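Scroll down for the structure; my scribbles are underneath it.
Per chain, numbering begins at 1; letters A, B, ... match sequence-line order. Keep in mind that this is a model prediction, so the values were computed, not measured.
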Number of protein chains: 2
Amino acid sequence: MDQITNPQAITRTSLHHELVGRLQTLIINADLEPGLKVPEKLLCDQFGVSRTPLREALKVLASDGLVRLEPNRGAWVTRVTIEEVEEVFPVLGALEALSGELACQNITDAEIDTVKDLHAQMMQSYGDSDLDAYFSINQKIHRAILLAARNGTLTSSCQALSLRMQRARYLANMTQGRWQEAVQEHERILEFLVARDGPNLARTLTGHMNSKRLSVVRWLQAEGAKRG
Amino acid sequence: MDQITNPQAITRTSLHHELVGRLQTLIINADLEPGLKVPEKLLCDQFGVSRTPLREALKVLASDGLVRLEPNRGAWVTRVTIEEVEEVFPVLGALEALSGELACQNITDAEIDTVKDLHAQMMQSYGDSDLDAYFSINQKIHRAILLAARNGTLTSSCQALSLRMQRARYLANMTQGRWQEAVQEHERILEFLVARDGPNLARTLTGHMNSKRLSVVRWLQAEGAKRG
DNA sequence: TGACTTAATTATGAATTCAAAATTACGCTG
DNA sequence: CAGCGTAATTTTGAATTCATAATTAAGTCA
């Protein structure tokens with residue numbers, strides 16, 4: 001019964017599954033640059049795997065929209081386009097709204113305390129102008145609400161769409177005005193969550209996503225203009 | 001330029017992509033029975049392909065929740081559980097609500113006429129007690145609204161979740177009461193769509209999904225009781 | 001006979017191989 | 001030397017092969 005050789009819990013996960021996660025990380029960190037070709041051979045060497053599991057992973061990523069497969073030409077890292085942002089944020093808005101509704105029905109007091117704590121940390125990061133920390137905690141808050149909704153399907157749907165929006169660095173690019181607005185929205189989010197006011201939380205979350213959409217689109221437009 | 005040998009448009013699609021579609025069909029038609037193991041070898045013979053593209057397709061289906069991969073044990077067709085239905089229908093409700101909102105903003109008069117026509121056909125099927133035709137047209141109506149929303153991301157998200165709910169035969173199993181209720185809901189859906197009344201259409205669609213959820217859950221419970 | 005071990009078989013996961021397509025490099029012609 | 005066509009190279013998609021894990025079958029002993 002004892003497994004002497006086992007240093008820690010058995011990470012029995014298939015290669016392709018592991019690769020899906022790794023590649024997602026590479027893509028949202030823009031280590032794999034959007035618009036460029038996925039360097040199949042390089043990645044195989046890098047991860048020490050053969051093409052078979054890597055290609056399996058690429059099919060999955062393609063169905064999630066992180067890469068695009070061109071027949072007989074290989075896989076390409078997809079760019080975040082304005083059209084895509086205009087499509088995805090409304091869907092995320094609807095899903096987050098639902099997560100807010102459900103969270104208000106199911107969240108425990110302890111979980112609310114956790115969110116309060118995260119919120120305070122986030123405000124601290126805002127005060128410190130620490131954008132990286134801010135974003136990291138921000139995500140944790142959204143995720144905490146999502147988990148409190150107790151709906152695994154909702155969680156993975158949101159997760160998949162969020163990933164697509166997390167590519168590129170533009171998220172870390174907010175004007176001071178937008179940052180302040182976002183913080184105010186988050187104040188209301190916390191307020192309605194604590195009050196367990198589902199309808200208002202839902203509305204606020206949808207609005208929050210809408211603001212985010214506008215901000216991202218504006219940034220992409222400016223970026224597009226810069227590059228010509 | 002002329003391609004003499006080409007009987008119709010070039011269906012240049014990769015094997016794995018083709019297989020994803022075929023397997024989806026097999027699963028939602030329950031040709032691959034839920035709960036059973038995916039017969040890899042049999043399918044390879046059947047489709048005349050090797051294991052490589054088939055396994056690629058299975059990874060994609062797994063990420064969509066149609067099969068479950070057990071490490072070193074193969075792929076299994078997932079069952080529709082009550083828990084899953086309780087999760088998926090609320091998400092579908094939120095997405096359909098959004099599709100209703102957006103459709104009211106973007107649908108053309110011609111498209112509304114198409115929906116009207118489909119609705120009339122559906123009522124005809126109801127009168128004829130032709131459940132198969134009813135369901136087929138019903139899906140076309142929902143899809144028409146979805147397409148009128150002009151949001152491809154929304155379309156594919158809905159599509160993926162709908163597929164999961166289309167497995168098994170229970171959809172073709174409605175009580176007379178539920179059928180009548182569904183028809184009434186569809187009357188209101190058409191009414192609000194024609195009036196381009198987004199908020200009310202959204203509400204009605206969410207309610208429609210909720211009724212569907214209840215009906216399916218009840219049926220699954222009865223089914224579960226029958227089998228012990 | 002029935003539980004437990006161990007060997008044979010089968011199926012799985014992943015690496016390798018191979019044919020076909022695409023890309024690049026090269027040379028020819030004007 | 002620019003543009004075109006052809007050959008060499010590389011890359012891709014998919015079949016095949018191979019090591020390993022899981023399952024089944026056979027055999028042992030109480």
Side-chain angles (χ1 to χ4, degrees), chain A residues 1-24 26-27 32-33 35-64 66-78, chain B residues 1 3-6 9-24 26-27 32-64 66-78:
Chain A
M1 178 151 276
D2 295 53
Q3 290 205 291
I4 306 149
T5 55
N6 214 345
Q8 61 197 87
I10 327 104
T11 55
R12 158 113 85 137
T13 169
S14 64
L15 227 32
H16 105 275
H17 190 257
E18 181 74 22
L19 285 171
V20 168
R22 301 287 196 98
L23 292 175
Q24 276 177 345
L26 289 180
I27 291 173
L32 288 176
E33 266 184 67
L36 294 189
K37 197 169 176 185
V38 177
E40 213 177 86
K41 185 167 275 180
L42 184 74
L43 290 170
C44 285
D45 293 347
Q46 198 125 352
F47 291 126
V49 299
S50 75
R51 284 175 60 218
T52 307
L54 188 85
R55 298 182 83 252
E56 287 171 349
L58 288 174
K59 311 290 187 223
V60 173
L61 293 176
S63 93
D64 289 345
L66 290 181
V67 307
R68 187 166 28 86
L69 300 175
E70 297 193 7
N72 293 321
R73 309 205 342 124
W76 308 73
V77 183
T78 50
Chain B
M1 177 148 280
Q3 292 204 290
I4 306 149
T5 56
N6 213 346
I10 327 105
T11 54
R12 155 113 85 140
T13 168
S14 65
L15 226 31
H16 106 274
H17 191 256
E18 180 73 24
L19 285 171
V20 167
R22 301 285 195 100
L23 292 174
Q24 277 177 346
L26 289 180
I27 290 173
L32 289 175
E33 267 185 65
L36 294 189
K37 197 169 176 185
V38 178
E40 212 177 85
K41 185 167 274 181
L42 184 73
L43 291 170
C44 286
D45 293 349
Q46 200 125 352
F47 291 126
V49 300
S50 77
R51 284 175 60 218
T52 306
L54 188 84
R55 300 183 81 253
E56 288 172 348
L58 288 175
K59 312 291 187 220
V60 174
L61 294 176
S63 92
D64 289 345
L66 290 181
V67 307
R68 186 167 28 87
L69 299 175
E70 298 194 6
N72 293 319
R73 307 204 343 120
W76 308 74
V77 182
T78 51

**OP:** Using whole Å, report how far CG of B:Leu19 lies from P of D:dA14.
**Re:** 9 Å

Original post:
Does the side chain of B:Ser50 get closer than 4.0 angstrom to OP1 or OP2 of D:dA15 through an N or O atom?
Top reply: yes

Original post:
To the side chain of A:Arg51, which of D:dT12, C:dG13, D:dA15 is closest?
Top reply: D:dT12

**OP:** Would you kindly give the CG-to-P distance between B:Asp45 and D:dA15, to the nearest whole Å?
**Re:** 12 Å

**OP:** Enumerate the residues from residues 54-63 of chain A whose closest heavy atom to DNA chain C is under 4.0 Å, giving them by residue number; use none for an empty result.
**Re:** none

Original post:
Which nucleotide sits closest to the side chain of B:Lys41: D:dA22, C:dA11, D:dA15?
Top reply: C:dA11

Original post:
Considering only side-chain heavy atoms of A:Val49, which listed nucleotide, C:dA15, C:dT12, C:dA21, is closest?
Top reply: C:dA15

Original post:
Can you list the residues that meet the side chain to side chain contact (heavy atoms under 4.5 Å, CB included) rule with B:Leu15, with sequence neighbours excluded?
Top reply: B:Val49, B:Pro53

Original post:
Hey, which of these two, B:Trp76 or B:Pro53, hits DNA chain D nearer its 5' end, going by closest nucleotide?
Top reply: B:Pro53

Original post:
Quick one: B:Glu18 CD to D:dG13 P, roughly how many Å, whole number?
Top reply: 16 Å

**OP:** Could you tell me whether the phosphate oxygens of C:dT10, OP1 or OP2, come under 4.0 Å of any side-chain nitrogen or oxygen in B:Lys37?
**Re:** no

Original post:
Rounded to the Å, how far apart are B:Glu70 CD and C:dA11 P?
Top reply: 16 Å

**OP:** Could you pull out all residues at least two apart from B:Glu70 that satisfy side chain to side chain contact (heavy atoms under 4.5 Å, CB included)?
**Re:** B:Arg68, B:Arg73, B:Trp76

